[in-house]
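By convention in this document, chain letters (A, B, ...) are assigned in the order of the sequence lines, proteins followed by strands, and residues within each chain are numbered from 1.
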2 protein chains.
Amino acid sequence: MHDLDIHVCLVEDDETIREGYEYLIGNAEGYKITGSFASYEDAAKKIARCNPDVILLDVELPGISGIDAIPKLKKLVPDAHIIILTVYEQELMIFRALANGASGYLTKDTPPKKILASIKEAMEGGGPMSSHIARMVIQSFQRSEESPLTPRETEILEQIATGKSRKRIAEELFIDLETVKSHIKNIYSKLNVHSKADAIKLAKDNKFI
Amino acid sequence: MHDLDIHVCLVEDDETIREGYEYLIGNAEGYKITGSFASYEDAAKKIARCNPDVILLDVELPGISGIDAIPKLKKLVPDAHIIILTVYEQELMIFRALANGASGYLTKDTPPKKILASIKEAMEGGGPMSSHIARMVIQSFQRSEESPLTPRETEILEQIATGKSRKRIAEELFIDLETVKSHIKNIYSKLNVHSKADAIKLAKDNKFI
DNA sequence: ATTTATATCCCCCCAAACAAGGTATTTAAT
DNA sequence: ATTAAATACCTTGTTTGGGGGGATATAAAT
């Protein structure tokens, strides 16, 4: 029976909060706390022997931050799914966590039931996120609707952003090199820039591309 | 009372499925179907008068595809949240949908309760996704752990990918132009490529950057 | 103690790419 | 009938890119 339980480890420096989670998860059917640590350094020593399926990880930790701990934990227990559990909702934090290998991102106001569901979800290959986080992630994909660029110009700027030369872009779009140049001139003049790099940066910042 | 209900519109060509959703949502407390259409063209004419809070949109539609319909619907009813409801789970489809302005993405095997919850979630600023979709979205942020590139090389390749010239990169990293060139030479040789564009493409495909 | 990897800097060359200044035609949409 | 978009051409001048050959300091690994 025990082996069918989902093995959960905690890394959270606030003792009160940690005990709260221990209580919640430890008493839930099908879940088992196999490790509970106050810092990454603490966890590093023993977590491999805890065989975690899921690790709940705080971001603000003494010593190595939770964000930086993600790749290290992944190395120690490659098969574990890491869920970030934090009060922080800054975009940068979220994206760094996900880029570093987190499987999910929950805010600390997540109700107990949702936490348990998220643990299971992560284990089954899902990507549990608080709804607000999910929307931020989705929004990061979205384009602006008020781009001054025409569709063709946007397309060409996208190609430029992949590092392709004008010549190559011309070939791939079956148009003349001179046409590509014309488009670029127009792009620069619309965006008020004088170089590839500036055009790309401005376009990305404003989600034109 | 009626005005407190969440106004939902459907755009789905399969009549059986559409009727199923109509039944589900129409009979749920707090929800009201204010429009139901078999295609974008159909919806375009009347949907503005339906005042939808949330639009459930299929991707495979006769005429204009659901994906392409998203920006058009957004223009017709800017405040509506669009949730894609589909059998397709291809990465490209998902990212195009989100880029076009969808607030959520559900697969058609989503249980009724979750559909209703997702409608509410979208309305409240969340980003409802099927768990599998969420994981795909999260994975799109992640880097490979087996990049052959050193941290410095990765950093420089990232800069190159923003369109910056070697000179500018050198200035911004406070190193000599020659150093940047050396790194680039090493990057090319490690990646077995002979141009910016190829290096960027390969690195992006393999999530080195 | 000695390799190895990383990051740094230097020299050469030359073709190719880039940016900015124009002008002009065709097509599609309003 | 007018506008906007996409297309193509020309000139001029500067910068960058990619390939080749090296060197050196430092840190990590063995």
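- Comparing Ser182(B) and Lys196(B) by the nucleotide of DNA chain C whose heavy atom lies nearest to each, the residue mapping closer to the 5' end is Ser182(B).
- Phosphate contact (OP1/OP2 of dT8(C), side-chain N/O of His183(B), threshold under 4.0 Å): present.
- Salt-bridge formation is detected for the pair Asp68(B)/Arg96(B): a Lys NZ or Arg NE/NH1/NH2 atom is positioned less than 4.0 Å from an Asp or Glu carboxylate oxygen.
- For the contact set between residues 147-179 of chain A and DNA chain C, defined by any heavy atom under 4.0 Å, the members are Ser165(A), Arg166(A), Lys167(A).
- Side-chain contact, Thr179(B) with Asp176(B): no donor N or O sits under 3.5 Å from an acceptor N or O.
- At the heavy-atom level, Ser195(B) lies under 4.0 Å from the strands shown only through sugar-phosphate atoms.
- Look at Glu121(A) and Arg135(B) and you find no salt bridge, because none of the NZ, NE, NH1 or NH2 atoms lies under 4.0 Å from a carboxylate O.
- Put simply, CD1 on Ile187(A) is 13 Å from C1' on dA19(C), counting in whole angstrom units.
- By the 30° and 60° cut-offs, the orientation of the rings of Phe141(A) relative to Phe141(B) is perpendicular.
- Between Asp198(B) and Arg168(A) there is a salt bridge, since at least one side-chain N of the basic residue sits less than 4.0 Å from a carboxylate O of the acidic one.
- dT8(C) atom C1' lies 11 Å from atom CG of Asn186(B), rounded to whole Å.
- Contact between the side-chain N/O atoms of Tyr188(B) and the OP1/OP2 oxygens of dG18(D) is found at a separation under 4.0 Å.
- Contacts of Lys181(B) with the nucleic acid, taken as non-hydrogen atoms under 4.0 Å apart, include base atoms.
- Taking 4.0 Å as the cut-off between side-chain N and carboxylate O, Lys207(A) and Glu146(A) do not count as a salt-bridged pair.
- Base contact: Lys185(A) has a heavy atom under 4.0 Å from a base atom.
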